[in-house]
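Written out below as structure tokens is the structure these notes cover.
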Amino acid sequence: EIAELSARSHEQFLGPDDVMSIMAGASRAASMNRRGLYAEGKNLAAELLGRSRRSLGAEHVQTLRCMNILAKAHDSLGEAQDSRRLLEEVLATGEKSLGADHPVTLVAATDLGLCLQQLGEYGEAETIFKRILKTREKVFGPIHARTLSTKSLLGTLLSESGRKREAETLLRDSLAGLESELGPRHPLTLGAQVRLANQLRSGAQTEEAERLLRRAGETSKEVFGPTHHAYLGTLNDLGNTLSDRGQLEEAETLLRQCATRFAEKFGEESSSSLMALNNLALVLKERGNLVEAEAIHRKCLDVRKRTQGDCHPETLRTLNNLANLARQQGNLDTAEQLYRDVVAGWSRSVGQDHHKTLRVSSNLGMLLAQKGQLEEASRIFRHVLDCWEQLREPDAPDVLATASRLGWILWRMDKMQEASEFVSKAYEGRARTLGDNHEETLSDLEFLAAITEKAGDAEVALSLHEKLLEARQ
């Protein structure tokens, strides 16, 4: 409301093309985007950009700021390529007219890196984040808050691209530096703590992740209050982590509280509210409350389609959640069509070989195998494995999980030699990365013993069973 009042007052007294009027309008457009009014924010940002170019020039700081806000609006509507094009223009113009170390230039570079990360172009994103990190180390020093925050963003990128150990090291270094430089209660420190926790959660280190999130949540509540978005975001992450750890009742309580507070503060159709509702539905699904889970997913899907479009990442994630739910309910034909719709949506928006497309393709492949359509399932998994092997390191979790699933499908098709090769690959990789006694390693060992036995090699099968028994004991 304040942003809208400010924009109208400036236009009334100074005129629509005055630099102060454009600045106030830009703040209003950014506010619209945060509130979930994506189309309205995009239209206003586009109008402001035109006014700024005419009255201030293409290289003016305010023109570049308007362009950056418009890029974020495109991104919020799932138009990542449009966002990328604008951010590349802001970055090139900023470097030319303002310099590589100007704040506007660095903000544009950071946003472009995040956009490329979303598009799965990790190499380009990594190059940009490393360049920003080098600039900030030169300008501010290695332990400045902005330098450490960039290091934290780089760590998150490495985690998403499968380089978990490098990511954890960077995130721990960043958190330690921020705690030393700014103290444990500073917003940047708390953000780094949450990023490290989410990285640990993605690597199945959920116990430490829970401890970090509980600590960050308590501090955020003291510093910001119980309705601040930083506290509620941490609460949401804690609920997800508790769900991973099987503490479903507490997870449901936290996520209901989070969804209610987000809706009260930002509106029921805000992105934050929908995120919390989606996570609540996932917990309800795990607890067997499928009716309420489906109702929530359908409500979220309706809002996402209406406000962000059919191919927005959040729309596609919600559609995927509905497919998972339909599969759990035994509605396999419905689930298949939904999975195919999601694969088509991701293929259009980010490409067939993007990690998001590959993950949903794996879901579709498993469903087809469940329905007995093994030939198509095996073709899907061969393609997915080929892509993962190009995108990830040989022992990356995505590579090994896909190899194991392909081996299971080939075993069902009585292709024992191929099945053994793929399951052996998964078993050996998991033994190296997770250890001989990890549950996933032992699961592959048990499956490998079953394949060997079915292939008629009783002696090798017996030795594998004995190895498995020893590990279980």
Side-chain angles (χ1 to χ4, degrees), residues 77-81 118-121 160 274-275 277-279 281-282 284-286 290-291 293-392 397-399 401-413 415 422:
L77 288 164
E79 300 160 358
Q81 292 294 352
Q118 180 181 313
L119 288 167
E121 297 185 24
E160 190 174 312
L274 295 172
M275 171 193 68
L277 280 172
N278 176 71
N279 292 331
L282 294 175
L284 293 171
K285 172 177 167 283
E286 290 301 311
L290 304 185
V291 174
E294 181 178 359
I296 290 174
H297 279 318
R298 291 199 178 280
K299 174 184 176 180
C300 291
L301 182 63
D302 176 65
V303 175
R304 293 287 190 193
K305 281 186 172 183
R306 179 160 40 81
T307 60
Q308 295 177 296
D310 291 345
C311 287
H312 188 274
E314 293 302 334
T315 305
L316 295 173
R317 289 189 188 101
T318 306
L319 205 59
N320 186 65
N321 290 335
L322 270 173
N324 292 337
L325 189 61
R327 182 179 174 187
Q328 184 171 331
Q329 291 170 320
N331 301 326
L332 301 188
D333 291 339
T334 300
E336 179 184 344
Q337 187 54 57
L338 288 170
Y339 281 137
R340 290 189 188 278
D341 290 344
V342 180
V343 170
W346 281 126
S347 297
R348 285 195 300 272
S349 61
V350 295
Q352 292 184 342
D353 299 341
H354 191 277
H355 67 92
K356 292 172 182 174
T357 312
L358 297 177
R359 290 206 170 95
V360 184
S361 295
S362 294
N363 290 344
L364 174 60
M366 291 301 289
L367 177 72
L368 293 172
Q370 186 178 346
K371 294 178 71 176
Q373 298 167 228
L374 300 177
E375 285 290 348
E376 186 180 1
S378 68
R379 285 197 302 273
I380 287 173
F381 273 107
R382 286 184 194 277
H383 168 72
V384 170
L385 182 59
D386 286 344
C387 292
W388 280 132
E389 286 177 335
Q390 293 176 40
L391 293 170
R392 299 284 196 261
D398 291 311
V399 174
T402 305
S404 182
R405 289 167 185 161
L406 178 55
W408 173 72
I409 291 167
L410 292 169
W411 172 72
R412 288 188 59 189
M413 297 171 72
K415 296 183 177 181
F422 286 112

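We use all heavy atoms of the structure for the numbers below, so side chains are in, but hydrogens, waters and symmetry mates are not. Computed from a predicted model, the values in this text were never measured in an experiment.
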Can you tell me how far apart [atom1] ([X]) and [atom2] ([Y]) are? Round to the nearest 0.5 Å.
X: D310; Y: S349; atom1: CG; atom2: OG; result: 11.5 Å
X: N321; Y: L338; atom1: CG; atom2: CG; result: 11.0 Å
X: L374; Y: W408; atom1: CG; atom2: CH2; result: 7.5 Å
X: T402; Y: E389; atom1: OG1; atom2: CD; result: 9.0 Å
X: L282; Y: L277; atom1: CG; atom2: CG; result: 11.0 Å
X: T318; Y: L322; atom1: OG1; atom2: CG; result: 7.5 Å

Are [X] and [Y] side-chain neighbours, meaning at least one heavy-atom pair lies under 4.5 Å?
X: H383; Y: S361; answer: no
X: N320; Y: N324; answer: yes
X: H355; Y: W346; answer: no
X: M275; Y: E314; answer: no
X: M366; Y: R327; answer: yes
X: I296; Y: N278; answer: no

Quick one: closest heavy-atom pair of L290 and Q328, and the distance?
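Smallest heavy-atom distance, with atoms named: CD2-NE2, 3.5 Å.
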What's the shortest heavy-atom distance between Y339 and V360, and which atoms?
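Looks like O-CG1, 4.0 Å.
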Applying salt bridge (Lys or Arg N to Asp or Glu O under 4.0 Å), can you list everything that pairs with R392, at least two apart in sequence or on another chain?
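Partners of R392 by the salt bridge (Lys or Arg N to Asp or Glu O under 4.0 Å) criterion, ordered by chain and then number, come out as D398.
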Residue pairs, two or more places apart or on separate chains, that pass side chain to side chain donor-acceptor pair (under 3.5 Å) and touch residues 372-381
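Every side chain to side chain donor-acceptor pair (under 3.5 Å) pair that includes a residue of residues 372-381, provided the two are not neighbours, is R340-E376.
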